[in-house]
2 protein chains.
Amino acid sequence: MTIKEVCEKFDITPDTLRYYERVGVIPEVHRTKGGIRDYTDEDVAWVENAICMRNAGVSVEMLAEYVRLFQLGDSTFQARRDILAEAREEIQKQLDKYQVTMDRLNYKISKYDVALKTGVLSWDDCEEE
Amino acid sequence: MTIKEVCEKFDITPDTLRYYERVGVIPEVHRTKGGIRDYTDEDVAWVENAICMRNAGVSVEMLAEYVRLFQLGDSTFQARRDILAEAREEIQKQLDKYQVTMDRLNYKISKYDVALKTGVLSWDDCEEE
DNA sequence: CTACAACTTGGAGTTAACTCTAAGTCAAGA
DNA sequence: TCTTGACTTAGAGTTAACTCCAAGTTGTAG
C-alpha cells in the first residue's frame with residue numbers, strides 16, 4: 001500500500017505519516033527496493049491505532065514510548081500495560097470534563113432558545129450574563 | 001477578588017488569566033483606582049465559563065467571538081446561540097472519538113492482563129501486534 | 001517613609017504537533 | 001530513453017495556547 005493510499009484511507013497527509021514514523025509513533029514502515037514506503041497490513045494497523053489514540057489526545061511521546069517498548073519484546077508487557085492504563089486514565093478525565101461542558105452548553109443553548117422567542121435572556125443560577 | 005485568589009480558585013496562573021483578558025476570552029476585568037485587577041463575581045463567572053469551555057477544547061478564538069457578540073447586546077442572541085451550537089457539535093464529535101478510543105484501550109489492556117498471566121499476548125482481530 | 005512583595009504592561013519565548021520547502025530520486029507512460 | 005509526477009530526506013516554518021521576562025507601579029507592614 002502506497003503512502004498516498006494510506007493517507008486517503010485515514011484522511012491525513014503524507015507529511016503527518018512520515019512524521020509519525022520519524023518520531024516513532026509507528027514502527028519503521030516496509031520499503032520497496034527503491035526506498036519508497038510500501039505499507040503492509042501490519043503497518044496500516046499501527047497507523048490506524050496511532051490515529052485512534054491521537055484522536056483522544058494521547059501524546060505523540062506516549063505513543064512513541066509504547067512502540068519502543070513493543071520493539072523490546074515480551075519482557076515489556078507490564079510497562080506497556082502501564083502506559084495504556086495511564087492513557088485510559090487521562091482519557092477518562094477528559095471525558096468527564098467534556099460531559100460537564102456539554103451539560104453547561106445544553107443549558108445555555110436552551111436559554112438562548114427561550115430568549116429567541118421571548119426576547120429576554122435570563123439565567124436561573126450563577127452564570128456570567 | 002484579586003488575581004491571585006482567582007488563580008487559586010481555578011488552579012491556573014496569573015499569566016493565563018491576563019492572557020484570556022487580553023485576547024477577549026473574558027471581558028475586561030474590573031480594576032482598583034491604581035489599575036490592579038479586582039474581579040467581581042461576574043468576572044469570576046466569566047473565568048469559570050472560559051475554563052470550562054477550554055477544558056473541552058473550545059478554541060480561544062471561538063470564546064473571544066462569543067464575548068464580542070455578547071458585548072454587542074441583545075441583537076446577537078441568534079449569533080451567540082449558533083456559536084454555542086457549533087461548540088456543542090465539536091464536543092460531541094470529540095466525545096464520540098474518545099469513546100471509541102476508550103473501547104480500544106479497554107480491549108488492549110484486558111489482553112495485556114491475560115498476557116501477564118499466561119506469558120502470551122494475542123489479538124482476536126485486526127490489531128497491530 | 002521605606003521596604004518589598006505583588007501587581008502592571010508590552011513583547012518575546014516555549015511547546016506540541018504538525019506542515020512546508022528544497023533538492024534530489026524513483027517509476028510508469030510515450 | 002525521456003518526461004513527468006510522486007516519492008524521498010533533512011531541516012526550517014507554522015499554529016494555538018500559553019508562559020516568561022524586563023522594567024516599571026502599587027499597596028501594605030514595620
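Any value given below was found using the heavy atoms of this structure, including those in side chains, with hydrogens, waters and symmetry copies removed.
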Can you tell me how far [atom2] of [N] sits from [atom1] of [X], to the nearest Å?
X: A/Ile3; N: C/dT25; atom1: CD1; atom2: C1'; answer: 15 Å
X: B/Asp11; N: D/dT19; atom1: CG; atom2: P; answer: 11 Å
X: B/Lys33; N: D/dT28; atom1: NZ; atom2: P; answer: 12 Å
X: B/Leu63; N: D/dA16; atom1: CG; atom2: P; answer: 14 Å
X: A/Leu17; N: C/dC20; atom1: CG; atom2: P; answer: 14 Å

Discussion item. Has A/Asp38 got a side-chain atom pairing as donor or acceptor with A/Met1's backbone, closer than 3.5 angstrom?
Written reply: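 Indeed, once roles are kept as given, a pair shorter than 3.5 Å links the two residues.
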
Worksheet item: Under 3.5 Å, is there a donor-acceptor pair between the side chain of A/Thr118 and the main chain of A/Val114?
Response: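 Checked: pair present.
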
Worksheet item: Any side-chain N or O of A/Tyr20 under 4.0 Å from OP1/OP2 of C/dA17?
Response: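 Checking A/Tyr20 against C/dA17: no side-chain N or O falls below 4.0 Å of OP1 or OP2.
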
Worksheet item: Between B/Ser59 and D/dA16, does any side-chain N or O lie under 4.0 Å from OP1 or OP2?
Response: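 So the side-chain polar atoms of B/Ser59 never come under 4.0 Å of the phosphate oxygens OP1 or OP2 of D/dA16.
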
Got a list of protein N/O to nucleotides 9-15 of chain D N/O distances below 3.5 Å?
{"residue": "D/dT9", "atom": "OP1", "partner": "A/Arg31", "partner atom": "NH1", "Å": "3.3"}
{"residue": "D/dT9", "atom": "OP1", "partner": "A/Arg31", "partner atom": "NH2", "Å": "3.1"}
{"residue": "D/dT9", "atom": "OP2", "partner": "A/Arg37", "partner atom": "NH1", "Å": "3.0"}
{"residue": "D/dT9", "atom": "OP2", "partner": "A/Arg37", "partner atom": "NH2", "Å": "2.9"}

Worksheet item: Under the side-chain contact (heavy atoms from CB on, under 4.5 Å) test, which residues partner A/Gln94, sequence neighbours left out?
Response: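 side-chain contact (heavy atoms from CB on, under 4.5 Å) list for A/Gln94, sorted by chain: A/Lys97, A/Tyr98, B/Tyr98.
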
Worksheet item: Do any pairs count as a salt bridge (Lys or Arg N to Asp or Glu O under 4.0 Å) and have a residue in residues 63-78 of chain A, sequence neighbours left out, and if so which ones?
Response: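 Listed by first then second residue: A/Glu65-A/Arg68.
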
Worksheet item: For the ring pair B/Trp46 and B/Phe70, is the centre-to-centre distance below 6.0 Å?
Response: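 Ring-ring flag for B/Trp46/B/Phe70: true, centres closer than 6.0 Å.
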
Quiz: residues 11-20 of chain A side-chain donor-acceptor pairs under 3.5 angstrom, not counting sequence neighbours:
{"residue": "A/Thr13", "atom": "OG1", "partner": "A/Thr16", "partner atom": "N", "Å": "3.1"}
{"residue": "A/Thr13", "atom": "OG1", "partner": "A/Thr16", "partner atom": "OG1", "Å": "3.0"}

Discussion item. Salt bridge or not between B/Arg54 and B/Glu61? Use side-chain N to carboxylate O under 4.0 Å.
Written reply: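 A salt bridge is absent here (no side-chain N lies under 4.0 Å from a carboxylate O).
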
Worksheet item: Any idea which of D/dA17, C/dC18, C/dT8 is nearest the B/Ile36 side chain?
Response: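 Output: C/dT8.
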
Distance-only check: which donor-acceptor pairs under 3.5 Å involve side-chain atoms of residues 2-9 of chain A, not counting sequence neighbours?
{"residue": "A/Thr2", "atom": "OG1", "partner": "A/Lys4", "partner atom": "N", "Å": "3.4"}
{"residue": "A/Thr2", "atom": "OG1", "partner": "A/Glu5", "partner atom": "N", "Å": "3.1"}
{"residue": "A/Glu5", "atom": "OE1", "partner": "A/Thr2", "partner atom": "N", "Å": "2.9"}

Worksheet item: Looking at DNA chain C, which of residues 83-102 of chain A put a heavy atom within less than 4.0 Å of it?
Response: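 Heavy-atom cutoff 4.0 Å gives no residues at all.
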
